[in-house]
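Written below as structure tokens is the structure these notes are about.
Every chain is numbered from 1, with letters handed out A, B, ... down the list of sequences. All values below come from the heavy atoms of this structure, side chains included, with hydrogens, waters and symmetry mates left out.
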Number of protein chains: 2
Amino acid sequence: MKKNSKDAIVNAAISLFNSNGFSGTSIRDIAELAKVNTATIAYYFDNKLGLLEYCFTSFFEQYISKIEEAYTLIDQGAKGCLKRVVANLLHYQCEHNHLASVVYREMSIDSQVVREIMSTYSLKEKYYFQKIFEKGFEWNEFRPHSIPYLIIQLKGLLMMPYMNTHYLREVLYIFPNEPFFEQKYLKEINFWIEKTLSAEIKAKKEALI
Amino acid sequence: MKKNSKDAIVNAAISLFNSNGFSGTSIRDIAELAKVNTATIAYYFDNKLGLLEYCFTSFFEQYISKIEEAYTLIDQGAKGCLKRVVANLLHYQCEHNHLASVVYREMSIDSQVVREIMSTYSLKEKYYFQKIFEKGFEWNEFRPHSIPYLIIQLKGLLMMPYMNTHYLREVLYIFPNEPFFEQKYLKEINFWIEKTLSAEIKAKKEALI
């Protein structure tokens, strides 16, 4: 019963933060949608910021674990490992597309919470990307390149559909929450890995698929 | 004098929307920073939403004109034209990085204003991208491909640094408002155009620079 009301609060918060933004949502709105009273929210999360922190943390805990899971494959090759990271993250975002939209949007506003999230999770993410790219350079799988600029591009490709879901739906008629999108878009990012990231020498023989 | 106070209001609004988000900013905050009284803001923009609309419109009017300017080159080739579009948009975003951040973030929240902006400017943008890609396919410059998926990638690459400026600064130590970044990142997107977009046949002879 208690677990249920906590989940209901989180789901209501994600839904409202997604539609109206964090600042555009009140505790009262969340309580109403979750069918709880505001005291229950205060009991679990202190206040609205506590709820946002909870969203950030639960998103990034799983996000990082998806990267770590894929990183175990590093000794079989950097390219294969990176493709697995991308597949895992895309799937994770697709399954939690509302939460991803909320997190990515609110991360763009400078605040104490955001700085803390960056100094833990974003640095961890960077650490893994950096390791994969460095291994890829070392093993001649990737052409030597500025790692931060590669991270910008990779993250740009990964985040775009979930930062701009309305645009995708309304303008491009693409639905980033659907498995069809996930599969097709994964191929696009893999194509980017093959074409712009991979070293010429290695790339020539490998099929693109 | 009047022009000055209008500009001061717009600049204050962009700065505060950028730091605190649209919903996290009050008319009183804007009035204080712009050193005007709230009635002056009401006189020019009616209310906060009017100010946001003004930001959207002034951003996209220039944004679209940058695309149109580059599109005049289409008869000299689709790839060259696309590269010019990218260079123009990157330069424009770099010069107006606070405004770009505000616009991109607020565009991710579904609202009446956002839907209106999308049905005018985003459709216009899509029209030009579509034309350039179609010409590129027709002239065998680009490999045939799903246009919406190309637009997602291109816009993802273009918008990423301006939707995530704090991340770039705090985690990657990259400053997307600097001309150095603009030049280096332009090369990256051109590389994407050459490598993932261009047809193999044509690409082989052209130097990447």
Side-chain angles (χ1 to χ4, degrees), chain A residues 18-25 101-102 104-111 114-115 118-119 122-123 125-126 145-174 176 181 184-185 187-189 191-192 194-198, chain B residues 18-25 101-102 104-111 114-115 118-119 122-123 125-126 145-174 176 181 184-185 187-189 191-192 194-198:
Chain A
N18 186 35
S19 310
N20 312 324
F22 171 74
S23 294
T25 302
S101 297
V102 168
Y104 293 154
R105 186 200 298 134
E106 298 305 330
M107 287 279 286
S108 75
I109 299 180
D110 193 20
S111 71
V114 166
R115 259 175 261 152
M118 282 190 185
S119 69
S122 301
L123 278 183
E125 181 198 28
K126 183 188 172 190
H145 203 82
S146 155
I147 289 178
Y149 281 79
L150 289 180
I151 294 178
I152 294 175
Q153 291 172 72
L154 183 57
K155 278 182 68 74
L157 293 172
L158 275 169
M159 291 160 79
M160 156 73 191
Y162 302 95
M163 293 193 89
N164 301 282
T165 45
H166 299 303
Y167 170 81
L168 262 74
R169 280 165 206 267
E170 303 295 324
V171 181
L172 304 179
Y173 315 121
I174 282 179
F181 171 79
K184 201 160 150 57
Y185 197 59
K187 284 187 190 164
E188 301 287 343
I189 304 188
F191 197 75
W192 175 82
E194 290 293 345
K195 286 291 184 175
T196 72
L197 193 56
S198 298
Chain B
N18 186 35
S19 311
N20 311 325
F22 171 73
S23 294
T25 303
S101 297
V102 168
Y104 293 154
R105 187 199 299 134
E106 299 304 330
M107 287 279 285
S108 76
I109 299 180
D110 192 22
S111 71
V114 166
R115 260 175 260 152
M118 281 190 186
S119 68
S122 300
L123 278 183
E125 182 198 26
K126 182 188 170 188
H145 203 82
S146 154
I147 289 178
Y149 281 79
L150 289 179
I151 294 178
I152 294 176
Q153 292 171 72
L154 182 57
K155 277 183 68 75
L157 293 172
L158 275 169
M159 292 160 80
M160 156 71 191
Y162 301 95
M163 292 193 90
N164 302 282
T165 46
H166 299 302
Y167 171 80
L168 263 73
R169 281 166 206 267
E170 302 295 325
V171 181
L172 304 178
Y173 316 120
I174 282 180
F181 170 79
K184 201 161 150 58
Y185 197 60
K187 285 187 190 165
E188 301 287 343
I189 303 189
F191 198 74
W192 175 82
E194 290 292 345
K195 286 291 183 175
T196 72
L197 194 56
S198 298

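Of the residues considered (B:F181, B:Y167, B:Y185), B:Y167 shows the highest number of contacts with chain A, using heavy-atom pairs under 4.5 Å. Chain A forms the most heavy-atom pairs under 4.5 Å with one residue out of B:M107, B:K126, B:E188, and that residue is B:E188. In terms of heavy-atom pairs under 4.5 Å with chain A, the best-connected choice from B:S111, B:S119, B:P148 is B:P148. Per-residue heavy-atom pair counts under 4.5 Å with chain B were compared for A:S23, A:G21, A:S101, and the maximum is reached by A:S23. Contact count versus chain A (heavy atoms, under 4.5 Å) is highest, among B:H145, B:E170, B:M159, for B:H145.
Contacts between A:I189 and chain B at a heavy-atom distance below 4.5 Å are absent for every atom of the residue. Heavy atoms closer than 4.5 Å to chain A are found in the side chain of B:E125, but not in its backbone. With a 4.5 Å cut-off on non-hydrogen atoms, A:I174 touches chain B through its side chain but not through its backbone. There is no contact between B:I147 and chain A, counting heavy-atom distances below 4.5 Å. Both the backbone and the side chain of B:D110 come within contact range of chain A, judged by heavy atoms closer than 4.5 Å. Only the side chain of A:S146 comes within less than 4.5 Å of a heavy atom in chain B; its backbone stays farther off. Contact annotation for B:T25: neither backbone nor side-chain heavy atoms come within less than 4.5 Å of a heavy atom of chain A. With a 4.5 Å cut-off on non-hydrogen atoms, B:I152 touches chain A through its backbone and its side chain both.
Here the closest heavy-atom approach between residue A:V102 and residue A:N18 is recorded as CG2-N, 3.4 Å. Nearest approach of A:P176 to A:P161, heavy atoms of both residues: CG-O, 3.7 Å. Annotation for A:L154 and A:W192: closest pair CD1-CZ3, 3.8 Å, computed over non-hydrogen atoms. Nearest approach of A:V114 to A:I109, heavy atoms of both residues: CG2-O, 3.3 Å.
Considering only heavy atoms from C-beta on, B:N164 comes within 4.5 Å of A:M163 through its side chain. Contact check for B:M118 versus B:L123: no side-chain heavy atoms found under the 4.5 Å cut-off.
Between the side chain of A:Y162 and the backbone N or O of A:Y104 there is no donor-acceptor pair closer than 3.5 Å. With hydrogens and angles ignored, the 3.5 Å screen pairs a side-chain donor or acceptor of B:S108 with a backbone N or O of B:R105.
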Practice problem: Could you walk me through whether B:K155 and A:M160 pass the side chain to side chain contact (heavy atoms under 4.5 Å, CB included) test, one step at a time? | Solution: CA-CA 8 Å; B:K155 277 183 68 75; A:M160 156 73 191; 4.2 Å; yes

